[in-house]
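Note sheet for the following structure.
One is the number of the first residue; the rest follow in order along the sequence. Indexing begins at 1, ligand by ligand and atom by atom, following the structure's order.
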Amino acid sequence: MMLLLVAGHGAGDSGAVGGGYTEAERVRHLAARIKALGGDSVVVGNIDVNWYASGWMNRAHVPAGAQVLELHMDSAGAGARGGHVEIKQGFAPDAYDAALAEFVSWMFPGRAQKIRPRSDLKNMNDAAANGISYRLLECCFISNPGDLAKFNERTDELARGILAAFGIEAKGDGMAAPADVWGYRYGDSDNCFNALHNASREVLRTDDPSGRGMNLTTHEHVKWIAAKQADMAARLERIEALLTQSGQKPDEI
Ligand SMILES: [Zn+2]
């Protein structure tokens, strides 16, 4: 699967402004971070083009099979906050839309709808007409100081959440070092998504976390340890019984 990122506005259109930032610059920065963390599965569409003004949402500019995500930030009164996903009215949300909406509404709460159907957006309508799988992400409100600060300070977390919604593993999400495994604490995860991700990663790992030369999942390792302990308990009971028969006390040996 290829994720094609389209950064909203650009080519002289700043989009919304807030806190000294422009929407066009911020979503291009976010797109660059998603690409940096997502690697080959991510393509950033030409950021020097305003795709809306240039009418680029067609097969000449979108490869077959690509999932398109258009990035925006919203603007309203300073009290409005939160992010959501917008999809073509009449379309059912797909798994990417649903995962993305869950993530962004968690990181940027405040919207009435996690997924908002639209019928008045040109790129969205063009995508539907051209058979392109498309959704638009309003990350948050650039006009809300809290949203903007979170966007700026936690850009990589936002990028990772977007990648996860599309099933793309971010760089730096590789296996933990063997020395780290047994001291692992889920409480160290900085949010519930990372906690779940780390837990599943650890259960499904197939390297050799205990250094015994066995490539197993953590679950298989735990079963191996439990079996060894059960085996050892039975042997100790037999030894104790023999010692008791011979009149010796095990604790004094
Ligand atoms: Zn916008």
Side-chain angles (χ1 to χ4, degrees), residues 3-35 42-58 61-62 66-89 91 93 96-97 100-101 103-105 107-130 132-155 158-159 161-163 165-166:
L3 174 61
L4 174 64
L5 299 172
V6 174
H9 310 281
D13 170 15
S14 70
V17 295
Y21 291 89
T22 70
E23 178 188 358
E25 182 277 327
R26 286 289 79 192
V27 296
R28 278 159 177 73
H29 173 61
L30 174 61
R33 292 309 304 157
I34 297 170
K35 170 63 181 172
V42 179
V43 172
V44 180
N46 192 330
I47 60 169
D48 296 324
V49 171
N50 181 331
W51 282 52
Y52 157 77
S54 298
W56 266 30
M57 196 57 66
N58 55 51
H61 301 101
V62 179
Q67 294 292 331
V68 176
L69 176 63
E70 182 163 337
L71 300 169
H72 285 260
M73 298 168 83
D74 222 329
S75 180
R81 68 188 189 107
H84 70 188
V85 173
E86 299 183 349
I87 64 172
K88 173 74 173 166
Q89 190 158 44
F91 285 17
Y96 303 127
D97 303 331
L100 189 61
F103 169 70
V104 76
S105 64
M107 186 167 179
F108 291 98
R111 294 278 197 160
Q113 293 172 284
K114 293 178 182 177
I115 298 178
R116 182 185 174 198
R118 297 288 296 264
S119 60
D120 57 341
L121 299 175
K122 175 173 165 47
N123 280 348
M124 187 178 287
N125 291 342
D126 287 352
N130 290 311
I132 294 167
S133 183
Y134 170 103
R135 72 283 302 150
L136 186 150
L137 175 63
E138 292 282 5
C139 298
C140 62
F141 280 85
I142 197 171
S143 48
N144 180 282
D147 271 10
L148 178 60
K150 190 187 288 184
F151 182 100
N152 290 342
E153 291 162 13
R154 294 165 62 182
T155 311
L158 176 57
I162 291 168
L163 287 167
F166 287 90

Total protein N/O/S atoms whose distance from the Zn ion (ligand 1) is less than 2.8 Å
3
What side-chain hydrogen bond (donor to acceptor under 3.5 Å, both in side chains) pairs are there with at least one residue in residues 139-150, not counting sequence neighbours?
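Of all non-adjacent pairs touching residues 139-150, none passes side-chain hydrogen bond (donor to acceptor under 3.5 Å, both in side chains).
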Pairing residues for I47 by the side-chain contact (heavy atoms from CB on, under 4.5 Å) criterion, not counting sequence neighbours
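R28, V44.
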Relative to each other, are the rings of H9 and H72 parallel, tilted or perpendicular (30° and 60° limits)?
perpendicular
Could you tell me whether the side chain of W51 and the main chain of N46 form a donor-acceptor pair under 3.5 Å?
yes
Would you say that M57 contacts M124 through its side chain, given a criterion of any heavy-atom pair below 4.5 Å between the two side chains?
no
Mind checking what makes ring-ring contact (aromatic ring centres under 6.0 Å, His included) contact with Y52, not counting sequence neighbours?
none
